[in-house]
Amino acid sequence: MLQTQYIRDNRDRVLDGLLKRNIKDAGKQIAEVLKTDEERRAAQSARDEALSRSKTQAREIGQLMQAGKKEEAEAARVATQQDKALSKDLTEKVGLLEEKLRSLLYNIPNVPNENVPAGTVADDNEVVGQWGEAPTLYDGATPHWDLIKKYDIIDFDLGNKIAGAGFPVYKGKGARIQRAMINFFLDEAREAGYIEIQPPIFINEASGYGTGQLPDKEGQMYHMTVDNLYAIPTAEVPITNIYRDEVLNEKALPVKNVGYTPCFRREAGAWGANVRGLNRLHQFDKVEIVQITTPEASYEALTKMIDHVTGLLQKLELPYRVLNLCGGDLGFTAAQTFDMEVYSAAQKKWLEVSSVSNFETYQANRLKLRYKNGDGRIQLLHTLNGSGLALPRVLAALLENNQSEKGIKIPEVLVPYTGFEWID
RNA sequence: GGAGAGGUGACCGAGUGGUUGAAGGUGCUCGCCUGGAAAGUGAGUGUACUCUUUAUUAGGGGUACCGAGGGUUCGAAUCCCUCUCUCUCCGCCA
């Protein structure tokens, strides 16, 4: 969430940013925040004053008691009753206002940075990079949902039987290529300086709030009500929450973590057209990279993360483009996001395989993730994360782009991991 | 599932009703020592909110905070209640 102080000091900047996200009542929301904040401060001043008085009185009574002046102490004691009731009321009032302010802030998304293009829909995203050429496929080429049946490597019907739609079963070379990609991605990240983490795949409520999945994406996560745990939608959640409520030493920065986890998404209401095959699943595998840096270093880190991800795609020989997401397409918590899309020749469309974002202090503020800088001042850090990479759509593109009469050719870099060169 | 113990500052760890925001240690910052470092040694080192001050990446004041919430009391880290988390033992299991 945004910092109240920041909104107070940069009202116009915040407003402009929210308008870039096409939030129509941004002015009203910000005015409400500022008004609540003002009420809160007034209430706090009043409360502090009342409490200060009580405290002084208590100290005096203590002294009288010790001096043995019982009667005077007793008189003073009676006199405190009124202030006590007053400060209790005021404390309650402050609490309510704080809660109101927090819930207002929870519903205000991050302010896009100045390089985020204006726009409302995905078509307004700005293409900032492109690599590779779409392959020309042979006559018998088909989309991946046919290929997986032809080679019997992924079985949706079996998934239906044992879990439900969107929970595919990977078989034989299908399972092995999954394992191969995971290892390849993890090794590449390690070589780029990321520490590998294997986090829990269920998280508690506090973690959900920490990274912003709660309260606004409540319905998108699988929730185990018996133990009040949520299945993670991405490794970003448990990995970033490692650093919740932490004050890091500047020397420990930047934090660079990578983790492989299955990801679970209910995709409530998203099922329908254009989600065939591997394009959208309830459970999928992803290798996630996370960085925590100082504010000064975060945009350079973002660039490096994009380079890392595009490097992976180049090694996999998959044609891709890089998009600078427009205000309207930006996720709730991001200040800037770049999407990597791979071209899937048989579907003749771009598939998002990675999304790399800088959240600036938005997550860190909720997480209370800070560091002590050289001057000894405590400051919020910047958090960033990106997929490096999500498997299903990479696999879809790989199957489709590499198909021929002979079968599906495995990219060279993956062969040492798969142990086979062809799916045939 | 049953029983017990415990959650204190960046970290470890004292502290059972009145200068305790909190001993001591570690870490960190600055200095001494050193050719340089280590060791040793001296000093400093809470966070959040808030008010105020032309000492303004600063000074001064106030309030809150010892897992969370509530209660008792003139006064609570310290007493009581509820919740929560962690640990240990037993049970069950891998």
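Within every chain, numbering begins at 1; the chains are lettered A, B, ... in the order of the sequence lines, protein sequences first and strands thereafter. Not measured: the values here are computed from a predicted model.
Distance, A/Ile378 CD1 to B/rU29 P: 14 Å, rounded to whole Å. Here B/rC49 presents its P atom at 13 Å from CZ of A/Arg102, a figure rounded to the nearest Å. The distance from atom CD of A/Gln379 to atom P of B/rU47 is 13 Å, rounded to the nearest whole Å. Atoms CG (A/Leu367) and P (B/rU47) sit 20 Å apart, rounded to a whole Å. The separation between A/Asp48 atom CG and B/rA64 atom P is 7 Å, rounded to whole Å. Here B/rA64 presents its C1' atom at 16 Å from CD of A/Glu49, a figure rounded to the nearest Å. Look at OH on A/Tyr371: it is 18 Å from P on B/rC28, rounded to the nearest Å. At whole-Å resolution of the value, CD in A/Glu296 and P in B/rU57 are 16 Å apart.
Comparing B/rA68 with B/rC12, their P atoms sit 16 Å apart, to the nearest whole Å. Using P as the reference atom, B/rG61 and B/rU72 are 33 Å apart when rounded to the nearest Å. For the P atom pair drawn from B/rA76 and B/rC65, the interatomic distance equals 9 Å after rounding to whole Å. A gap of 8 Å separates the C1' atoms of B/rG9 and B/rC66, to the nearest Å. Nucleotides B/rC28 and B/rG46, compared at atom C1', are 13 Å apart to the nearest Å. Of the C1' atoms belonging to B/rU54 and B/rC49, the separation is 25 Å, rounded to the nearest Å. The separation of B/rA37 from B/rG18, taken at their C1' atoms, amounts to 49 Å, rounded to a whole angstrom. Between B/rA5 and B/rC93, the two C1' atoms lie 25 Å apart (nearest whole Å).
Base pairing annotation: B/rC79 forms a Watson-Crick or G-U wobble pair with B/rG71, both donor-acceptor distances under 3.5 Å. Base pairing annotation: B/rC30 forms a Watson-Crick or G-U wobble pair with B/rG42, both donor-acceptor distances under 3.5 Å. Partner assigned to B/rA37 is none, using Watson-Crick or G-U wobble distances below 3.5 angstrom. Base pairing analysis places B/rC66 opposite nothing; no Watson-Crick or G-U wobble pair with both distances below 3.5 Å involves it. Using N1 to N3 plus N6-O4 or O6-N4 for Watson-Crick, or N1-O2 and O6-N3 for G-U wobble, each under 3.5 Å, B/rA14 pairs with nothing. Pair check for B/rG1 finds B/rC90; Watson-Crick or G-U wobble, both atom distances under 3.5 Å.
Proximity note for A/Ser45 (side chain, C-beta onward) versus B/rU50, B/rG18, B/rG62: the nearest is B/rU50. Minimum atom distance to the side chain of A/Asp37 is reached by B/rU50, of the listed B/rU50, B/rG62, B/rA10. Comparing B/rG75, B/rA10, B/rU47 by their closest approach to the side chain of A/Ala58 singles out B/rG75. Across B/rU47, B/rA64, B/rG18, the shortest atom-to-atom separation from the side chain of A/Leu51 is found for B/rA64. Nearest to the side-chain atoms of A/Arg41 among the listed nucleotides B/rG18, B/rC51, B/rA10 stands B/rC51.
Judged as a side-chain hydrogen bond (donor to acceptor under 3.5 Å, both in side chains), and not counting sequence neighbours, A/Glu412 has no contacts. Residues satisfying the side-chain hydrogen bond (donor to acceptor under 3.5 Å, both in side chains) criterion with A/Lys315, sequence neighbours excluded, are A/Glu188. Applying the ring-ring contact (aromatic ring centres under 6.0 Å, His included) rule to A/Phe167 yields the partners A/His282; only residues at least two apart in sequence or on another chain are considered.
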Practice item. Begin with the C-alpha distance, continue with both residues' side-chain angles, and end with the deciding distance and a verdict on side chain to side chain contact (heavy atoms under 4.5 Å, CB included) for A/Leu399 and A/Tyr151. Key: CA-CA 11 Å; A/Leu399 295 174; A/Tyr151 297 107; over 6 Å; no
Review point. After noting the C-alpha distance and the side-chain angles of A/Asn228 and A/Asn204, does the key distance pass the side chain to side chain contact (heavy atoms under 4.5 Å, CB included) rule?
Key: CA-CA 7 Å; A/Asn228 198 23; A/Asn204 57 27; over 6 Å; no
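Taking the centre and axis of the six-membered ring of A/Tyr260, the NZ or CZ atom of A/Lys286 falls outside the cone set by 45° and 6.0 Å.
For A/Ser52, a side-chain nitrogen or oxygen approaches OP1 or OP2 of B/rU63 to under 4.0 Å. When the side-chain nitrogen and oxygen atoms of A/Lys55 are compared with OP1 and OP2 of B/rC74, none of them lie within a distance under 4.0 Å.
Toward the 5' end of RNA chain B, the nearer of the two residues A/Asp245 and A/Arg53, judged by each one's closest nucleotide, is A/Asp245. Residue order along RNA chain B, read from the 5' end via each residue's closest nucleotide, puts A/Gln5 first among A/Ile61 and A/Gln5.
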Pairs under 3.5 angstrom, nitrogen or oxygen only, protein versus nucleotides 66-72 of chain B, please.
residue: B/rG71; atom: OP1; partner: A/Lys88; partner atom: NZ; Å: 3.0

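Counting non-hydrogen atoms of other residues, nucleotides and ligands closer than 6.0 Å to NZ of A/Lys93 gives a total of 12 or fewer.
Judged by distance alone with a 3.5 Å cut-off, a donor-acceptor contact links the side chain of A/Gln44 to the base of B/rC49.
Nucleic acid contact for A/Arg40: sugar-phosphate only, since backbone atoms but no base atoms lie under 4.0 Å from a heavy atom of the residue. Nucleic acid contact class of A/Arg8 (heavy atoms, under 4.0 Å, all strands): sugar-phosphate only.
Salt bridge A/Glu300/A/Lys304: present, at least one basic N to carboxylate O contact under 4.0 Å. The pair A/Asp187-A/Arg190 meets the salt-bridge criterion, with a side-chain N (NZ, NE, NH1 or NH2) lying under 4.0 Å from an Asp/Glu carboxylate O.
For residues 322-333 of chain A, every residue pair satisfying the side-chain hydrogen bond (donor to acceptor under 3.5 Å, both in side chains) rule, not counting sequence neighbours, is listed here: A/Asn125-A/Asp329, A/Asn324-A/Gln336.
When each of A/Arg244, A/Glu236, A/His382 is paired with A/Gln363, the side-chain hydrogen bond (donor to acceptor under 3.5 Å, both in side chains) condition holds for A/Glu236 and for no other.
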Review point. Going 5' to 3' along nucleotides 83-88 of chain B, which nucleotides have protein heavy atoms under 4.0 Å from the base (write B), which only from the sugar-phosphate (write S), and which from neither (write -)?
Key: ------
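Using the six-membered ring where Trp is involved, A/Phe202 and A/Phe264 have ring planes that are tilted, between 30° and 60° apart.
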